[in-house]
Amino acid sequence: ELTKAGYSLSWDTDFSNITSDLEVNAVWTANTNTPYKVEHYVRNLDTEVEGYELRETENKTGITDTLVTATYKEYEGFTKNEAYTGKVESGNVAGDGSLVLKLYYNRNTYNITYELNGGVSTGNLSNKYIYGKEMILPNKVEKEGYTFAGWYDNESLAGNPVTTIPNTSIGDKTFYAKWDAKGDTAYKVEHYKQKQDLSGYELAETENKTGVTGATVNAIAKIYVGYTENTTHEERIDTGTIAANGSLTLKLYYDRSEFTVTFKNGDTVEKTETVQKGQSATAPTLTKPGYTLSWDTDYSNVTSDLEVNAV
């Protein structure tokens, strides 16, 4: 009994009814159903050590001792690695079924783009992700005057924020930062009073306030005795938008509305009177035998402090 792996035996001459000397020769015919395998390996998730793991095995058959070639498959998230040195893409079908072809696939790496919408990064923002490995999106971003409200997968910031890239994700990704305005952003209101000598204005009081970033705020005038708000002052800023960096400063100006009129007789102060702007003072009654009293300055329309001397 003769055997040959992967082949079927027959004889070239009939020897069932022998009537003479015969030479019978063995004829070996290659089997058409000889088994072989194709193994498909995918890159593992260990980024420290390069390695591949078996994804799928195809059990195939072919003609013994004929050349066969494996066909790459399409695996989502993977790309064939035709350059891998351990690849066995083709080979002759071994009669004993021992032929194993091996194909390899790399995991795809995709790009991540972050649209910060006016913010800045405060740490590393990973710009790549690997197929099959879940990735938590970083939150190392900030924007002055705002609180980070998450990443969104659309420019209009609709829907729910995205916190992770699932392990089944494919393709490049773009994420958009959403910012909520802070409600405690600083701004100032400065109040300036007209100087006593009317030569200009000096800071009388500063109010340190807070509000919502980007909101419009209005300064509220204060009541100062002897002063009236000057609503036409060229440097007046009574409204503005709260700047994220806290730089907004509103400014209100106040003109003097009361003045002091001092009546003097020589070196003697006879009377001191506080007079509203535009009003008249009342002179004291003085007498001197043989003399007529007059005053050296008009005090009928007071617009500044006055010293009025008896003449």
Side-chain angles (χ1 to χ4, degrees), residues 118 142-147 179-311:
E142 65 179 23
K143 183 179 180 181
E144 194 170 35
Y146 292 83
T147 300
W179 303 98
D180 288 340
K182 288 184 177 179
D184 59 352
T185 302
Y187 71 98
K188 293 180 180 179
V189 180
E190 295 179 344
H191 301 268
Y192 290 84
K193 288 182 178 180
Q194 194 173 38
K195 293 180 180 180
Q196 290 293 317
D197 61 4
L198 308 183
S199 63
Y201 294 79
E202 58 189 358
L203 181 63
E205 183 179 353
T206 298
E207 294 181 278
N208 293 305
K209 292 181 169 290
T210 59
V212 178
T213 303
T216 299
V217 289
N218 300 301
I220 298 175
K222 286 183 168 291
I223 297 175
Y224 294 113
V225 176
Y227 291 85
T228 302
E229 186 190 1
N230 181 350
T231 59
T232 60
H233 194 283
E234 62 181 8
E235 294 182 18
R236 180 177 187 259
I237 306 173
D238 68 324
T239 186
T241 300
I242 297 178
N245 62 2
S247 62
L248 174 65
T249 300
L250 304 180
K251 298 181 180 182
L252 299 181
Y253 292 81
Y254 304 82
D255 289 346
R256 289 187 63 189
S257 60
E258 291 183 348
F259 300 98
T260 300
V261 180
T262 303
F263 292 92
K264 296 182 70 175
N265 183 15
D267 292 332
T268 302
V269 175
E270 299 291 347
K271 180 183 180 182
T272 299
E273 182 179 358
T274 299
V275 180
Q276 295 292 316
K277 183 177 181 180
Q279 300 298 309
S280 175
T282 301
T285 301
L286 303 178
T287 60
K288 184 177 182 182
Y291 287 86
T292 300
L293 175 63
S294 62
W295 300 96
D296 66 351
T297 302
D298 180 26
Y299 51 85
S300 63
N301 181 20
V302 178
T303 57
S304 65
D305 292 336
L306 294 178
E307 182 179 293
V308 185
N309 297 286
V311 177

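Quick note: numbers below take in every heavy atom, side chains included, and nothing from hydrogens, waters or symmetry partners.
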Spacing of [X] atom [atom1] and [Y] atom [atom2] [to the nearest 0.5 Å]:
{"X": "Thr228", "Y": "Lys277", "atom1": "OG1", "atom2": "NZ", "value": "8.0 Å"}
{"X": "Glu273", "Y": "Glu258", "atom1": "CD", "atom2": "CD", "value": "11.0 Å"}
{"X": "Thr147", "Y": "Asp184", "atom1": "OG1", "atom2": "CG", "value": "8.0 Å"}
{"X": "Leu198", "Y": "Lys195", "atom1": "CG", "atom2": "NZ", "value": "11.0 Å"}
{"X": "Leu203", "Y": "Tyr192", "atom1": "CG", "atom2": "OH", "value": "5.0 Å"}
{"X": "Leu252", "Y": "Glu190", "atom1": "CG", "atom2": "CD", "value": "10.0 Å"}

Problem set entry | Ion pair check, Asp238 and Arg236, cut-off under 4.0 Å | yes
State, to 0.1 Å, how close [X] and [Y] come at their nearest heavy-atom pair, and which atoms those are.
{"X": "Ala283", "Y": "Tyr299", "value": "CB-OH, 3.2 Å"}
{"X": "Ile242", "Y": "Ala186", "value": "CG2-O, 4.3 Å"}
{"X": "Lys271", "Y": "Thr282", "value": "NZ-O, 2.6 Å"}
{"X": "Val275", "Y": "Ala281", "value": "CG2-CB, 3.8 Å"}
{"X": "Ala219", "Y": "Leu250", "value": "N-CD1, 3.6 Å"}

[Y] and [X] side chains, donor-acceptor separation under 3.5 Å:
{"X": "Thr213", "Y": "Thr185", "answer": "yes"}
{"X": "Asn218", "Y": "Thr239", "answer": "yes"}
{"X": "Tyr146", "Y": "Glu144", "answer": "no"}

For this session: Apply the side-chain hydrogen bond (donor to acceptor under 3.5 Å, both in side chains) test between Arg256 and each candidate in Asp305, Thr303, Asn230; give the one that qualifies.
Result: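 Only match with Arg256 under side-chain hydrogen bond (donor to acceptor under 3.5 Å, both in side chains): Asp305.
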For this session: Going by the side-chain hydrogen bond (donor to acceptor under 3.5 Å, both in side chains) test, name the single residue among Thr297, Asn265, Asp296 that passes it with Asn309.
Result: Asp296
Exercise. Under a 4.5 Å cut-off applied to non-hydrogen side-chain atoms, are Thr262 and Val269 in contact?
Worked result: yes
Problem set entry | Validation row: Val302, Gln279 side chains within 4.5 angstrom (heavy atoms) |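 No - every pair of side-chain heavy atoms lies 4.5 Å or more apart.
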Seminar exercise, completed: Tested for ring-ring contact (aromatic ring centres under 6.0 Å, His included) against Tyr253, the lone hit among Tyr224, Tyr227, Tyr201 is Tyr201
For this session: I would like to know whether Lys193 and Glu205 meet side chain to side chain contact (heavy atoms under 4.5 Å, CB included); could you show each step before the answer?
Result: CA-CA 9 Å; Lys193 288 182 178 180; Glu205 183 179 353; over 6 Å; no
Problem set entry | side chain to side chain contact (heavy atoms under 4.5 Å, CB included) evaluation trace for Glu270 with Lys264 | CA-CA 5 Å; Glu270 299 291 347; Lys264 296 182 70 175; over 6 Å; no
Problem set entry | Test item: Ser257 side-chain N/O and Gly226 main-chain N/O as donor-acceptor pair under 3.5 Å | yes
Problem set entry | Side-chain (Tyr254) to main-chain (Ala221) donor-acceptor, under 3.5 angstrom |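 No; zero donor-acceptor contacts below 3.5 Å.
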For this session: Go through the steps to decide whether Thr206 and Val189 satisfy the test side chain to side chain contact (heavy atoms under 4.5 Å, CB included), and finish with yes or no.
Result: CA-CA 6 Å; Thr206 298; Val189 180; over 6 Å; no
